[in-house]
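Single-structure report; data block below.
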Number of protein chains: 2
Amino acid sequence: MNHTIIEDFLLHGHKVNLPGISIDNVIFGFHENQLKVLLLQVVDKNIWMLPGGFVMKKEHIDEAAARILKVRTGLDEVFLQQFYTFGQPERSGNEVLVKALKSLDQRYDKNHWALQRFVTVGYYALVEYAHVSPQPDEISQACTWHDLDKLPELLLDHEAIIQKALEEMRLKLNFQPIGYNLLSEEFTMKNLQSLYETILGRKLDRANFNRKMLSYEILDRKEKHFSGGAHKAPYLYKFNKKKYFKALKSGLGRDF
Amino acid sequence: MNHTIIEDFLLHGHKVNLPGISIDNVIFGFHENQLKVLLLQVVDKNIWMLPGGFVMKKEHIDEAAARILKVRTGLDEVFLQQFYTFGQPERSGNEVLVKALKSLDQRYDKNHWALQRFVTVGYYALVEYAHVSPQPDEISQACTWHDLDKLPELLLDHEAIIQKALEEMRLKLNFQPIGYNLLSEEFTMKNLQSLYETILGRKLDRANFNRKMLSYEILDRKEKHFSGGAHKAPYLYKFNKKKYFKALKSGLGRDF
DNA sequence: TACTATTGTGTCATATTGACACAATAATTT
DNA sequence: AAATTATTGTGTCAATATGACACAATAGTA
């Protein structure tokens, strides 16, 4: 007799998954000065959740985060960064799993491994949401972008997880470069500024932003201007990969 | 028949502990311009380890970190901060547990819950090591301070964990105040500077440091100078608790 | 050609930082 | 008592960074 994916998971998942440890990915998307977050919809309910899942027994949690993201949303090659681990004792199996378990076995076992308490390691990433096409996996109803200002009802503590990720991402702007893998290979300073403004949620002065980004010395300026726009053609830039990753590791300078 | 504490843990620990999730605490101690780390010695071996342990089923991981620290070292009321979660798949039961398990049961079961893969949530704290008296628990041989420059042989990936904690602590100096719970209630600017210099591992200019700390506006200066020293009496300061904790939460300013 | 909007860059005042110096203080030595 | 030594408080100056804003150049449109 065939089981659904969730039922199969409940019956056999403990053979390959690490009980008690899960990943929750907060994927921010920006586009046209808007910051959104990618959420999955619970089947037949208006409850949403972060793309998460359990860690497999033989994988690094970093690898788990990437695999889970791909399986649940189709997103691949995303720069994920760990930001916090959430471990309040009430975190345990959710109503999705409870419902599935009850339908699987009339003798509902609340001690089922999948309903036990678990700790979740949070990862975040930022993507250009116009560049990606998230698709929900087979156990979710939808996978769509949501305004941070208008979040739907969320499972468990997922709203708190999102807020913590946003805080971390904003803080890191002070000592880590961003933009690589987000912008086109060649982009304008306006594009880069828009990215920062979207994350920070406020306007920055064009001249001062320009001066600051150039002071990091991780941008190579193209000889040729971008053209075809309806006004003065701006310079095109690209990240100097070597310097970018050095700064990613060692910081942007001016700290203790 | 009586069992040792470790044997008891192996036999019954899974009833109260969350399998697969542990805590490792990195406790830095500073005193007289030296930074050390608190380590436990494995019984009868010259191998050392961080004060860690498993999370109990009904406790928050933050509470677990504090409890584990108290049990393993006697240290209490320490300001612990989570800094990173380590989850490479090779992390599993260590030789201490293996040895205990073999002595307990001649039919050695390598699938014992305590030997399975686990993820560790790292916490760090900084204390004045002259102010505390760590004591090893009953399953450790010793509990002593070690120079960061001269670490002994360490279990598992504990050296990497220590390095990561140090990085994080140094980075946080840029946007979080420190010193509360570390210095005497009243201290001199020299004391505070010494704390920063010990963490950073380099000298800071006295005048510039003074100006910077005062610019944070979290210090209250006493009318009376400290006296009895062999030269000009310095001012005494104390942290303005309200402003200190506000800065701890919101940052020290001057960021994006 | 004139207008409009965008971009590049410069300027100015202010703030911060690094390096260093001088004065005041207080104990010790002569 | 005076001189010396060491420490602390604070100031200064140059360099650097930052915020606010202005002007010139560019390019499409009216």
Side-chain angles (χ1 to χ4, degrees), chain A residues 32-33 170-171 173-177 179 183-184 186-197 200-238 247 251-256, chain B residues 32-33 170-171 173-177 179 183-184 186-197 200-238 247 251-256:
Chain A
E32 291 178 357
N33 294 344
R170 282 176 170 163
L171 186 63
L173 289 181
N174 293 289
F175 49 83
Q176 267 192 351
L183 302 173
S184 305
E186 292 179 351
F187 51 88
T188 65
M189 191 60 75
K190 177 63 174 286
N191 296 144
L192 186 57
Q193 177 171 345
S194 180
L195 173 59
Y196 273 77
E197 288 181 335
L200 291 166
R202 62 179 169 81
K203 281 289 187 187
L204 301 171
D205 182 86
R206 185 168 47 74
N208 298 335
F209 180 81
N210 199 336
R211 186 174 59 198
K212 183 162 190 163
M213 290 300 119
L214 293 180
S215 81
Y216 293 157
E217 296 189 327
I218 58 173
L219 295 171
D220 291 331
R221 178 186 286 185
K222 303 291 289 184
E223 295 296 304
K224 194 174 51 156
H225 287 239
F226 171 76
S227 59
H231 296 293
K232 183 178 177 178
Y235 283 117
L236 283 173
Y237 294 89
K238 58 189 297 182
L252 295 164
R254 299 208 65 82
D255 36 5
F256 256 118
Chain B
E32 290 177 0
N33 295 344
R170 283 176 170 163
L171 186 64
L173 290 180
N174 294 289
F175 48 83
Q176 269 191 351
L183 302 173
S184 306
E186 292 178 354
F187 51 88
T188 65
M189 191 60 77
K190 178 63 177 283
N191 297 144
L192 186 56
Q193 177 172 345
S194 181
L195 173 59
Y196 274 77
E197 287 181 339
L200 290 166
R202 61 179 170 80
K203 282 290 189 187
L204 299 171
D205 182 87
R206 186 167 50 72
N208 298 335
F209 181 80
N210 197 335
R211 185 174 58 197
K212 185 164 191 164
M213 291 300 117
L214 294 179
S215 81
Y216 293 157
E217 297 188 326
I218 58 173
L219 295 170
D220 291 328
R221 179 185 284 185
K222 303 291 288 186
E223 296 296 303
K224 192 173 53 156
H225 286 237
F226 171 75
S227 60
H231 295 294
K232 183 179 176 179
Y235 283 117
L236 283 172
Y237 294 89
K238 57 191 297 183
L252 294 165
R254 299 213 63 82
D255 36 7
F256 258 118

Rounded to whole Å, how long is the line connecting atom [atom1] of [X] with atom [atom2] of [N]?
X	N	atom1	atom2	result
Phe209(B)	dC20(C)	CZ	C1'	18 Å
Leu252(B)	dT16(C)	CG	C1'	15 Å
Met213(A)	dA17(D)	CE	P	14 Å
Arg254(B)	dA17(D)	CZ	C1'	7 Å
Arg211(A)	dA15(C)	CZ	C1'	12 Å
Asp205(B)	dG11(D)	CG	P	15 Å
Asn208(B)	dC13(D)	CG	C1'	12 Å
Leu200(B)	dG18(C)	CG	P	12 Å

Would the distance check show the side chain of [X] and the main-chain N or O of [Y] forming a donor-acceptor pair, the cut-off being under 3.5 Å?
X	Y	value
Asn174(A)	Phe256(B)	yes
Thr188(B)	Asn191(B)	yes
Glu197(A)	Leu204(A)	yes

Applying the side chain to side chain donor-acceptor pair (under 3.5 Å) test to Tyr237(A), which of Lys222(A), Glu186(A), Arg221(A) qualifies? Arg221(A)

Any chance you could list the contact pattern along nucleotides 1-9 of chain D? Use B for base contacts, S for sugar-phosphate-only contacts and - for none, protein heavy atoms under 4.0 Å, 5' to 3'. ----BBBBB

